[in-house]
Amino acid sequence: MVMDFFQKLRGLGVILAAILWSGFAIAEPMHGISMYGDPALPPDFVSLPYANPDAPTGGQITLGNAGGFDSLNPFVRKGTVPWQLRFFTHESLMGRSWDEPFTLYGLLAESIEVPEDRAWVEFTLRPDARFSDGSPVTVDDVIFSYALLGTEGHPRYHGLYNQIDRIEQTGPRRVRMTFNTDNRELALLAGMRPILSRAQWEGKDFAGAPLAEIPLGTGPYTVTDFEANRQVTLTRNPDYWGADLPFRRGTYNFDRIRIDFYGDTSVLFEAFKAGEISAVREFNAETWATQYDFPAVTDGRIVKSTFPHQKPSGMTGFAMNTRRAPFDDWRVRDALIAAFNFEYINETLTGGALPRITSYFSNSVLAMQPGVAQGGVADLLRPHAATLLPGTLDGYTLPQGNGSARNRAGIRAAMAQLADAGYAAPDGTMQDADGAPLSFRILLKKGNAEHAKIAALYLQALERLGITASIESVDNAQYVARMASFDYDMTPFRRALSLSPGNEQRFYWGSEAAASEGSGNLMGIASPVVDGLIDQMLAARSAEDFTDATRALDRVLTAGRYVIPFWQFDEGLIAHDARMKFPDTLPIYGDGPYFMPQMWWWDADG
C-alpha cells in the first residue's frame, strides 16, 4: 500500500514536471528585453540608433574633475572614485539603450530568456567574451560577481541580490537567476550588474583593497596610469573582445582618455580656457552666456554645443535631514522652502534663464499632474489620505516670489508655518517653546563655488527670520564620509532620474535605505506610503499602471517637502575642442556619460 502510494506520487511528479517544463518552453532566447512590449531594434540591428557606425578611432582627450580620488574600485562604498570609471572599464550581461526607456540588449550575454511571469531569467554568455587580461568570462565569474557585490559591494548592489532566491549554472555558458519577489524589473536589473573576475578576487579583501588593486574588467578601456588625486589615464584596449558587436559599433572611439583633477571648478575652468582640458559640461546658463567669450571660442578652436533631452528633471537642491530636529517637522521644512527666494537667487546666479524644478519627475510624462489627483493616481493615494501631508491629494505647488530681494510673501508664509510648529522670535531670534534657538548648518564640499553662492544668498533670508544658519565647508574625503554616515543638517542634493525608474527608488527613498549608511536616501525618508508606491511601480503589468504609480510617488515625495528645489537643465551644455565630433542623432536621454565621450570621435582636421 505504501509502495503503491509512492509510485503514484512519482507518477504525479512526472506529470507536474512535464507541465512545468512545458511552461518554461514558452520562454525563448531573445537578443533584448523591454519592461513593456518588445525592444525597438531587431536581432540584426547594425548599431545603436544614436551611434555613428562609421566613426573613426584614434586621438586622445583630457577631461577634468573637481576634487580628488583615493580609490579606483567603483563597486565598493569605501573611498572616492573617478565617477566616469565604471562606464569605461567594466561591462554587464546586458547593455542599455538610451533611446528606449526600460530596454536592454545583449552585451556579455548573447541572449536572455524569461517566462511570462518573469519569475526567473536565464542568460547565455557570448563564447568570445573576455576580461582585459584575455581570460574568458565564465558562468563562475557571473555567479561569483553577484554574490561578491551583493554582500561586500556598494549598498546599491545589495537590493537585487537579496531578491535572488538562487543563481545556478544551467549549461556551459548559461546561468539562471530565480527570484523570491514578484517584481518584473528584476529580470532587467539582473542583466545590469558589472561582472568581475573570480580569479582576481576570490579570497581577497574586496571592500578594503588598496588603490593599486584595480578591478579587472571586460570594457573597452583599461587604467594604464594614475597618480592619486592628480590624474587617471585610460587606454583603449586594442584587443577588446566586443569591438565588432553591433551594440558597440561606433562607440568608445578615442585611443586615450585622461582625467585630470583640480581643487575646485574655478581652477578647472581656467585649465579649460588654457587648452589643458578638451571638454567641459556647463551647468550654469548665465556662465554659458557670459563667460565663454575667451579667444579659443571666438577663433573656433572651442565649440559650444547644446543637447536637448526628454528625461525627467530629477531633483537638485538643498536636502534636509529628517533624522534630526527640526527637520523632522514638515512645517519647519515647509517654512524653509518658503524662505528660499528662488526667483531672486535664480536671477542673480543664472540670469533667470533656467526654470525651477517643480517635482522629482518634472519635464517628463511621469511627472505628477497639476491640481487634484485624478484617476488611478487618486485610487492609489486615497487609502492613505489620513497620513498624507497637505497638498498631496489636492495639489501642491512650490511658493513663488515676485523676484525682489526681500521676498516679503515668502517670509510671511515661513513665519506662519514656524509659529504653527511652536516657534517664535520675541527678541529677534527664532526659538522653540523651551527657548532653544532654531539653528542649523549647511554642509558643502570645498571648491563648489555655485553651491556656496546659493547658500550665502539663502542665509540672508534665514537671518531675517531670526534663524541662525551657517555654512560648513569640508574637503572631498570628509564630505564623502559625512554623506555616507548622514552627518549633516542640510546639504546639496542631486538625484538624476530616468524614464524607467525601478528598484533603485528603494535605495533613493525607501525606509530601509533611510537607516542604511551609504544609501542615496539623504533626506531620511521613512514612509510606508512611499514604500508601498514603489512596490506598486515594480508590480505594474502595464505602462498605464506604472505611470499612475510613479505620478503618485512623485506627489508624495514633492509634497513631503524634503528638498528645497533649485533649477533644472532642459538641455545639456558642452563646450569642447572643435576636433571632437558627435553624431547627428541624439538619444531621448540627451547627453550623459553614455553619450560624451562614448559616442564621440576625433577628427584631426577639425
Side-chain angles (χ1 to χ4, degrees), residues 47-66 83-84 87-88 98 220-221 231-236 250-309 349-354 449-450 567 569-606:
S47 67
L48 292 170
Y50 47 91
N52 173 10
D54 300 317
T57 57
Q60 57 188 33
I61 60 171
T62 300
L63 304 177
N65 284 8
W83 65 266
Q84 302 97 329
F87 298 100
F88 298 150
W98 294 98
Y221 290 89
Q231 66 88 17
V232 176
T233 299
L234 297 149
T235 302
R236 190 159 55 87
T251 71
Y252 296 109
N253 302 304
F254 298 107
D255 281 346
R256 193 176 76 167
I257 300 173
R258 176 180 165 117
I259 306 171
D260 285 344
F261 290 78
Y262 296 86
D264 58 46
T265 53
S266 298
V267 178
L268 190 157
F269 187 61
E270 291 302 317
F272 174 63
K273 291 167 63 176
E276 297 173 10
I277 297 176
S278 307
V280 295
R281 287 182 170 91
E282 181 55 63
F283 298 102
N284 186 298
E286 178 73 4
T287 301
W288 183 256
T290 63
Q291 301 301 311
Y292 285 79
D293 56 356
F294 48 92
V297 174
T298 56
D299 67 20
R301 286 175 290 146
I302 295 294
V303 176
K304 295 169 64 179
S305 299
T306 59
F307 303 90
H309 64 80
L349 298 183
T350 77
L354 298 176
E450 184 174 64
W567 39 79
F569 304 94
D570 50 7
E571 60 182 5
L573 308 175
I574 300 179
H576 57 92
D577 190 306
R579 293 166 292 184
M580 293 176 64
K581 305 297 183 180
F582 56 87
D584 294 331
T585 302
L586 301 180
I588 61 173
Y589 279 92
D591 172 60
Y594 44 81
F595 187 70
M596 196 287 285
Q598 182 174 331
M599 300 293 161
W600 293 43
W601 64 90
W602 186 260
D603 181 354
D605 296 328

Any residue meeting salt bridge (Lys or Arg N to Asp or Glu O under 4.0 Å) with Lys581, in chain and number order, not counting sequence neighbours: none

Steps toward side chain to side chain contact (heavy atoms under 4.5 Å, CB included) verdict (Leu268, Val280): CA-CA 9 Å; Leu268 190 157; Val280 295; 3.9 Å; yes

Partner of Phe595 by side chain to side chain contact (heavy atoms under 4.5 Å, CB included), out of Phe582, Tyr589, Trp98: Phe582

Modelled atom types, side-chain donor and acceptor of Gln84 and Asn65, under 3.5 Å: yes

Residue pairs involving residues 297-307 (criterion salt bridge (Lys or Arg N to Asp or Glu O under 4.0 Å); sequence neighbours excluded): Asp299-Arg301

Derivation of the side chain to side chain contact (heavy atoms under 4.5 Å, CB included) call for Leu586 and Tyr50: CA-CA 5 Å; Leu586 301 180; Tyr50 47 91; 5.9 Å; no

Distance-only donor-acceptor check, side chains His576 and Ser305, under 3.5 Å: yes

Cationic N near anionic O, under 4.0 Å, Arg579 to Asp603: no

Trace of the side chain to side chain contact (heavy atoms under 4.5 Å, CB included) decision for Thr287 with Tyr292: CA-CA 7 Å; Thr287 301; Tyr292 285 79; 4.0 Å; yes

Working for ring-ring contact (aromatic ring centres under 6.0 Å, His included), residues Phe283 and Phe569: CA-CA 7 Å; Phe283 298 102; Phe569 304 94; 5.7 Å; yes

Short side-chain donor-acceptor distance under 3.5 Å, Tyr262 and Glu270: no

Donor-acceptor pair, side chain of Ser278 and main chain of Thr62, under 3.5 angstrom: yes

